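Heavy-atom basis, side chains included; hydrogens, waters and symmetry copies ignored. Predicted model, so just to flag it, every value in this text is computed and none were measured. We number each residue from 1, following the sequence as shown. Both counts, for ligands and for their atoms, begin at 1 and track the order of listing.
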Amino acid sequence: MIEKLIQEMIAYDKGDPKRVGHFLKVYGYAKTIGRLEEIPAPTQEILEAAAVTHDVGIRASIQKYGSDAGSYQQIEGPPIAKTMLQKLQFPQGMTERVCYLISRHHTYEKIDGLDYQILVEADFLVNIHENQMKKTEIETIRSKIFRTEAGIRFLELLYA
Ligand SMILES: [Fe+2]
């Protein structure tokens, strides 16, 4: 199922290997952290689907507002993901949670589950490098956002 979703997302982001590379990296970290933390299987499935689709709103945000700001993506992403997940016959409850996570993945208050927590950590593990974040920013992110053992371990191994 996840492979079909990845295929769909590559088709959606066609001609843009950078964006595809981004979500595949986030998916790789999210999947690995979820497994190491031994989260329940349904939560793991939601996490993986959310990691693959989390930035699906970027293209629509740029077209509509001329900006890829997180606040726009969070509005534009969920309906696109919903159509995609429904087409692939993902269960309704799972689709709703994935869309919720997409709608909040740049919001760091009220993180209400391990799927949400790990998605945010995985996105930072990739964005710290892609956006060349500074040591001081990384320190703040570590103390304010990172919570899982595996996520913290990866952050330290990569950026300490
Ligand atoms: Fe991202």
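- Distances from the Fe ion (ligand 1) show that His105 has no N/O/S atom below 2.8 Å.
- Taking CG of Asp123 as the reference point, atom CG of Asp55 lies at 6.0 Å (rounded to 0.5 Å).
- Between Phe124 and Tyr108, a ring centre-to-centre spacing shorter than 6.0 Å is recorded.
- Looking only at N/O/S atoms, Asp55 comes nearest to the Fe ion (ligand 1) through OD2.
- Looking at Lys87 and Glu8, a side-chain N of the basic residue comes within less than 4.0 Å of a carboxylate O on the acidic one, giving a salt bridge.
- Counting just the N/O/S atoms of Asp123, the one with the shortest distance to the Fe ion (ligand 1) is named OD1.
- Between His22 and His54, the ring center distance clears the sub-6.0 Å criterion.
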